[in-house]
Amino acid sequence: MPKTRIGLMWKQFFIYLLIIVLTSSFLVFFVSREINKYYVSNLKSNLENQALLVSEMVMNLISSGNTEKIDILAKEMGEKIGTRITIIRKDGLILGDSEEDPAKMENHATRPEVIQALHNEIGSKIRYSTTVKKEMLYVAIPVTENGEILGVVRTSSFVPEIQKSLGTINKKIISIAIILMIIALMFSILSSRLFTNPIKEIAFAADKIKNGDFTTRIFIKRKDELGELSDAINEMARELQKLFTDLNLEREELQVILSSMVEGLVVINGEGKIVLSNKNFLIIAGVLNEASIQSKHYWEVLQNDEINKLVKSVIQTGKTQTFEVQFGEKIYLVNGTPIPKTAGGKIIIVLHDITELKRVEKVKTDFVTNITHELKTPLTSIKGFVETLNEEAGANTKNQHFLEIIERNTDRLIDIVDDLLLLSNLEDKKQKLKIEKINLREMADNILKIFEIKFKEKKISFELDISDNVSNIKADPFWLEQLFINLIDNAIKYTDKGNVKIKIFSQGKDVQIEIQDSGIGIPKEHLSRIFERFYVVDKSRSHKLGGTGLGLSIVKHIIQLHNGKISVESKVGKGSKFIVILPKG
Ligand code: ADP
C-alpha cells in the first residue's frame with residue numbers, strides 16, 4: 001500500500017517496549033528501595049553487635065578513667081573488624097576513635113545518634129561525616145554500668161558501599177530489560193509473521209475491492225478470527241462481483257430499451273443537469289453524442305420556454321405533468337415525471353413526436369369545418385323550400401306528413417352542423433377567448449328565462465341557489481352561456497318529472513356550479529364516455545329529443561379552455577348531477 005505509516009509490527013514493538021521500560025523502572029525503584037532497606041538494617045544490626053561487643057570491652061576502662069587504652073583499643077578493634085569505632089564520654093568528649101586522633105575531634109554530644117544513645121536508646125543515623133567527609137551510617141549504643149550511662153560506643157560504616165552494590169544490581173536489571181527488549185522485538189517480528197502479514201494481505205485485498213476489483217480473493221487458510229474475516233471478505237467480494245455483473249447487465253438492458261424507444265428521453269437531476277439520455281433525444285436536441293451533453297444543464301441543450309415551465313411545474317407539484325411543445329417544425333407531447341427524492345430526486349422527461357398525429361387531426365377538423373360550412377347553406381335553403389312547400393301542400397295530409405319528416409331531419413342536420421361549427425370554433429387554436437367580468441347571478445337568471453317555457457311544458461320545477469359569497473368571475477361570456485345552455489338543456493331533455501336544481505357557490509379560488517336533475521340518470525358504464533363526440537347513451541331517445549351527441553363535448557372543451565374541471569355523478573332512475581369547477585380568474 002502506498003501510504004506511509006507505522007506498521008502493526010512496530011506498534012506492537014513499541015507497546016512491548018513501553019511495558020518493559022515501565023516494569024524495569026519500577027523494578028529498579030522498588031528493588032533498590034527494598035535492598036537499600038535490607039542492607040541498611042543488616043548493616044545496622046552488624047554495627048549494633050559490634051558496638052555491643054566494644055561496649056563490654058570499654059565499660060571498665062571508662063569507669064576507671066583509663067582513656068589512653070580506650071583509644072588504642074578502638075584503633076585495634078577497628079582495624080580487625082573493618083569498622084570505624086568511636087568511644088564517646090557521656091559529656092560528648094571523644095575518648096577513642098579507630099580512624100582519627102581523639103584530641104583533634106570535636107565534641108560529639110550534639111550528634112543525633114549520640115543524643116539517642118545518651119537517652120538509653122539505640123541511636124542510628126545516616127549522615128555526612130565531617131570527620132571522614134563521607135556519607136555514613138552511624139549506630140550508637142549506651143555504655144552502662146549498674147544502670148548508669150558512662151558513655152557511648154558508636155560504630156559506623158560508609159553508605160556508598162551500599163550504593164555501589166545497588167548500582168551492580170540495577171545494572172543487572174537494565175541488562176535483563178535490554179535482553180527482554182530484544183526478545184520483544186523478535187516476538188514482534190514473529191507475531192507480525194503470524195498476524196500482521198495476514199492482516200496486511202486482508203487490508204490490501206479490501207483496498208483492491210474498494211477500487212472496484214471484485215475478482216480479488218484472500219488466500220489465508222486459518223481457523224481463527226483472521227481466517228473467518230478473510231472468508232467473509234471473499235464472500236463479500238463474490239457477492240459484489242455478482243451484484244456488479246447483474247447491475248451491468250441491467251444497465252445494458254436499459255440502454256437497449258432506451259435506444260429502441262421511439263420517444264426522446266432525458267433524465268435530469270435536481271440541479272437541472274442531464275444525467276441520462278437516449279438516441280432519439282440526441283436527434284431531437286440535434287447533438288452528436290451523449291458525452292457532449294452529459295452534465296450540461298437541460299436548458300443549454302433544449303432552449304424552450306415550455307420545457308422550462310414543465311420542469312418548474314413538475315418540481316412545484318411533485319406530480320407528472322404533460323405539455324404540448326413545439327420545436328421548430330415538430331410538435332411533441334412532453335411528459336415530465338418526478339422520481340421520488342428517496343430514489344434520487346431526478347426528473348424523467350419523455351418527448352413523444354405527435355407532429356403527424358396533429359397533422360391528421362388538423363386535416364380531420366379542417367375537413368369537418370369545411371364540410372359543415374359547405375352544408376350549412378344548402379341545408380338552410382332546403383329548410384326554406386320545405387317550409388314553402390309545406391304552406392303550399394294545403395290539405396294534402398300525406399304530402400304534409402312527408403314534408404314534416406323532411407323538415408324534422410333537416411332541423412336535426414342543421415343542429416348537428418351548428419354544434420360541429422361551435423366545436424371547430426372551440427378547437428381553433430388561433431381563436432382566443434374573449435375574457436370579461438361576468439356576473440354569474442345575472443347570467444344564470446337570463447338563461448333560465450330562455451328555458452322557462454320548456455320547464456312549463458314538461459311540468460318540471462327549477463331552483464336557482466347562488467351563495468352570497470359568489471362574486472364576479474372572469475370568463476368568455478359567449479362560451480359560458482353555451483356551457484349553461486347545454487347542461488340545462490340536457491337536464492330538461494332527460495327529465496320527465498321532478499325538478500332541476502342549479503347551485504353555484506364559491507370554493508377558494510374557484511367557483512363550483514352544480515346542475516342537478518331528477519331525470520333518467522346515466523348507467524355507470526357510460527359515464528366515462530358521455531363527453532366524447534357523438535356519444536349518446538340511448539340513440540333513439542336522443543334522436544327523438546333532438547340530441548346531436550355533441551353537447552357535452554362542447555361543454556368539456558369550454559371548460560378546458562377556461563382551465564376548469566367537469567365531473568358527473570348519476571344514478572339510473574334517480575337523476576344526474578354535473579359538477580363544474582371554474583377558476584374565478
Ligand atoms: P345529446 O345531444 O345526445 O344530449 P350530449 O353530448 O349533450 O348529447 O350528451 C351525451 C349523452 O349523455 C346523451 O345522449 C345522454 O344519453 C347523456 N346525458 C347527458 N346529460 C344527461 C342528463 N342530464 N341526464 C341523463 N343523461 C344525460
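Counting starts at 1 for both ligands and their atoms, following the listed order.
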Within a distance under 4.0 Å of any heavy atom of [X], pick out the atoms of ligand 1 and give their elements.
X	answer
Val537	14 (O), 16 (O)
Gly551	5 (P), 6 (O), 7 (O)
Ile530	10 (C), 12 (O)
Val536	3 (O), 14 (O)

Has [X] got any heavy atom lying under 4.0 angstrom from an atom of ligand 1?
X	answer
Gly519	no
Lys493	yes
Phe578	yes

For ligand 1, is there an N or O atom under 3.5 Å from any N or O atom of [X]?
X	result
Ser553	no
Asp538	no
Tyr535	no

Practice task
Please say which of Asp489, Asp496, Asp517 ends up in a salt bridge (Lys or Arg N to Asp or Glu O under 4.0 Å) with Lys458.
Solution key: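 Per the salt bridge (Lys or Arg N to Asp or Glu O under 4.0 Å) rule, the option paired with Lys458 is Asp496, out of Asp489, Asp496, Asp517.
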Exercise for the section: Verify, without hydrogens or angle tests, whether Lys319 (side chain) and Thr337 (backbone) share a donor-acceptor contact under 3.5 angstrom. Expected result: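 It does not hold such a pair.
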Could you check [atom] against the protein and tell me its nearest heavy-atom contact, residue, atom and distance included?
atom	value
atom 4 (O) of ligand 1	Tyr494 OH, 2.8 Å
atom 19 (C) of ligand 1	Asn490 ND2, 3.5 Å
atom 3 (O) of ligand 1	Ser542 OG, 2.8 Å
atom 8 (O) of ligand 1	Gly549 CA, 3.2 Å

Practice task
For Leu561, check side-chain contact (heavy atoms from CB on, under 4.5 Å) against everything at least two apart and list the hits.
Solution key: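 With sequence neighbours excluded, Leu561 shows a side-chain contact (heavy atoms from CB on, under 4.5 Å) to Leu426, Leu433, given in chain and number order.
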Exercise for the section: Report the member of Ile522, Leu552, Ile492, Ile554 with the shortest heavy-atom distance to atom 9 (O) of ligand 1. Expected result: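 Answer by nearest heavy atom: Leu552.
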Handout entry: Among Val568, Thr548, Asp489, Leu487, closest by any non-hydrogen atom to atom 2 (O) of ligand 1
Key =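 It is Thr548 whose heavy atom sits nearest to atom 2 (O) of ligand 1.
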Handout entry: Non-hydrogen atoms of Ser518 and Asn499 that approach each other most closely
Key =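 Residues Ser518 and Asn499, closest heavy atoms: OG-N, 2.9 Å.
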Exercise for the section: Provide the closest heavy-atom pair for Phe531 versus Ser553 in the form atom of the first, atom of the second, distance. Expected result: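 Distance-wise, the nearest heavy atoms are O-CB, 3.0 Å.
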Problem - Residue Phe385 excluded, over 12 heavy atoms near CZ under 6.0 Å - result: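 At most 12 heavy atoms, drawn from other residues, nucleotides or ligands, come within 6.0 Å of this atom.
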Practice task
Can you establish whether the number of heavy atoms outside Ile453 located under 6.0 Å from its atom CD1 is more than 12?
Solution key: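 Not more than 12 within 6.0 Å, no.
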Is a donor from one side chain sitting under 3.5 angstrom from an acceptor on the other, for [X] and [Y]?
X	Y	result
Thr548	Asp415	no
Gln321	Thr317	yes
Thr245	Asn248	no

Problem - Electrostatic pair Asp411:Lys383 at N-O distance under 4.0 angstrom - result: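 Looking at Asp411 and Lys383, the cut-off is met.
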Handout entry: Part of Asp517 with heavy atoms under 4.0 Å of ligand 1, whether side chain, backbone, both or neither
Key =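 Looking at Asp517 and ligand 1, just side chain atoms fall under 4.0 Å.
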